[in-house]
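Okay, so here's the structure we're looking at.
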Amino acid sequence: MPTRRSFFSGLTKDTFLLAFTSFFSDISTEMLYPVLPIFLTQTLGVSTSIVGLIEGIAPAIQNIVQGFSGSLADKLKKRKWIAFTGYAISALSKPFIGFSTAWTGVLAARSVDRFGTGTRSAPRDALIASSADAANRGKAFGLEGIGDNLGAFVGPLVAIALLSIFHVSLRSIFWLAIIPGSLAVLMILFVHERKETEIAAKADLTLRKFPKNYWIYLLVTALFGIGNSTNAFLILRTQNLGVPLTITILIYAFYNFVAAAASYPAGHLSDVLGRKGVLLLAFLLAAIVYAGFGFLQNVILIGFLFIMYGAYQGIFRAVGKALAIDLVPASMRASGVGWYTATIGLTGLIASFVGGLLWSAFGPQATFLYGMLSSLIGSVALLLFIPRQNYSTADS
């Protein structure tokens with residue numbers, strides 16, 4: 001008689017610790033997300049163009065750093081301590097935003113924060129991959145996705161509570177963000193970094209050593225990501241249709257809640273059925289949401305689509321990273337996931353820039369139709385060029 005396996009079987013204490021690390025870190029980050037534009041425009045009195053400049057430069061730094069930090073972590077085989085350093089930098093930088101009296105100070109602190117995020121991401125993902133065997137890798141990334149997206153759900157609610165119930169100042173939000181950020185640093189201290197026997201002592205970590213299928217996967221990801229623009233456009237479109245700001249923030253919070261709820265089941269399903277089909281579902285969900293935002297005017301339907309977009313985010317985050325890990329040797333895990341996330345980030349910057357130009361020239365419909373087209377092209381490329389194989393059943 002076959003043994004019944006627990007829904008969380010195959011995961012380790014380290015998997016849960018890393019999920020809690022992401023949970024506390026994202027509370028810290030998302031406490032700031034809804035109030036940073038207000039702080040800049042109302043407290044410091046800058047224009048929206050400066051807001052856009054800051055939110056363009058800071059993520060660009062994160063995206064560039066991710067690939068290099070992954071390669072460094074693989075070379076030094078110190079994934080835990082590089083991730084720890086990144087979390088510490090991010091936690092310590094956030095209060096300096098609140099101390100800033102000019103937008104240049106915000107830019108500096110925000111850039112340091114994103115540098116820390118870029119430093120930690122790839123080594124942490126490699127630790128997640130090592131915390132479970134190959135057959136449970138999707139579940140491991142799914143559990144981390146729960147922590148990340150649940151933190152992104154709780155963070156805005158904490159900010160709303162601090163402002164509306166406890167009546168703290170905007171500056172105090174940035175100072176208080178160090179508390180959950182410090183808890184994230186504490187969590188990763190307890191993670192045990194496993195020594196992987198398949199990692200050669202002198203692994204060749206040059207980019208040319210990535211397998212062919214990995215490069216194809218990056219190309220597919222780029223084709224999809226070139227139209228996958230910032231969530232700010234979804235927020236702006238929702239508000240343009242007459243939804244009050246507080247309701248829009250709540251919709252955004254529940255978007256993150258759905259992303260958290262979808263992450264683990266999606267990762268688990270990809271372990272059973274293979275990554276490709278589950279990832280295709282995420283691509284198609286993105287196309288549907290973009291089409292809806294482009295054509296629909298009904299506020300209730302738009303709100304529903306925004307929340308449904310959370311399902312895309314949860315699936316894409318968990319399964320996309322797991323597939324990137326599957327396609328590279330164990331010695332290049334941090335590098336592989338680092339350049340994968342860098343691809344997402346850099347194409348996302350392009351998508352946001354193009355989407356903003358289309359919005360200004362032709363209206364929001366053009367932005368979202370561009371995103372829909374990119375999602376459909378990515379879906380076709382995924383079907384044609386990524387083999388239908390359960391990569392989770394074997395390790396490199």
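Along the sequence shown, residues are numbered consecutively beginning with 1.
Between Phe68 and Trp339, the ring center distance clears the sub-6.0 Å criterion. Residues Phe39 and Phe174 place their aromatic rings such that the two centres sit under 6.0 Å apart. Aromatic rings of Tyr312 and Tyr309 (six-membered ring for Trp) have centroids within the 6.0 Å cut-off, being under it.
Looking at Arg194 and Ser130, their side chains never bring a donor and an acceptor atom within 3.5 Å of each other. Defined by atom type and a distance below 3.5 Å, a donor-acceptor pair is missing between the side-chain atoms of Tyr255 and Asn149. In this structure, a donor-acceptor pair under 3.5 Å is absent between the side chains of Arg114 and Ser111. For the residue pair Thr15 and Ser131, a side-chain donor N or O sits within less than 3.5 Å of a side-chain acceptor on the partner. Between the side chains of Ser25 and Arg120, at least one donor N or O sits under 3.5 Å from an acceptor N or O. Looking at Asn228 and Tyr290, their side chains do bring a donor and an acceptor atom within 3.5 Å of each other. Counting only N and O atoms by type, the side chains of Ser22 and Glu144 include a donor and acceptor under 3.5 Å apart.
Atoms CG and CG, from Leu273 and Leu281 in turn, are 11.5 Å apart once rounded to the nearest 0.5 Å.
In this structure Ser182 satisfies the side chain to side chain donor-acceptor pair (under 3.5 Å) test with no other residue, sequence neighbours excluded. Ile302 is linked by a side-chain contact (heavy atoms from CB on, under 4.5 Å) to Thr238, Leu241, Phe293, Leu296, counting only residues two or more places apart in sequence or in another chain.
Within 6.0 Å of atom CZ in Phe20, 12 or fewer heavy atoms from other residues, nucleotides or ligands are found, so the atom counts as exposed in its surroundings. Taking a 6.0 Å sphere around CG of Leu384, one finds it holds more than 12 heavy atoms contributed by other residues, nucleotides or ligands.
Linking ILVMFWY side-chain heavy atoms closer than 4.5 Å, directly or via other members, places Tyr370 and Ile377 in two distinct hydrophobic clusters. Leu305 is connected to Leu376 through a chain of hydrophobic side-chain contacts under 4.5 Å among Ile, Leu, Val, Met, Phe, Trp and Tyr, so both are in one cluster.
The residues Asp271 and Lys139 are annotated as not salt-bridged, no charged nitrogen and carboxylate oxygen being separated by less than 4.0 angstrom.
Considering every non-hydrogen atom in both Leu157 and Ala253, the closest pair reads CD2-CB, 4.2 Å.
Applying the ring pair (Phe, Tyr, Trp, His ring centres under 6.0 Å) test to residues at least two apart or on different chains, the pairs with a partner in residues 71-100 are Trp81-Phe84, Phe99-Trp175.
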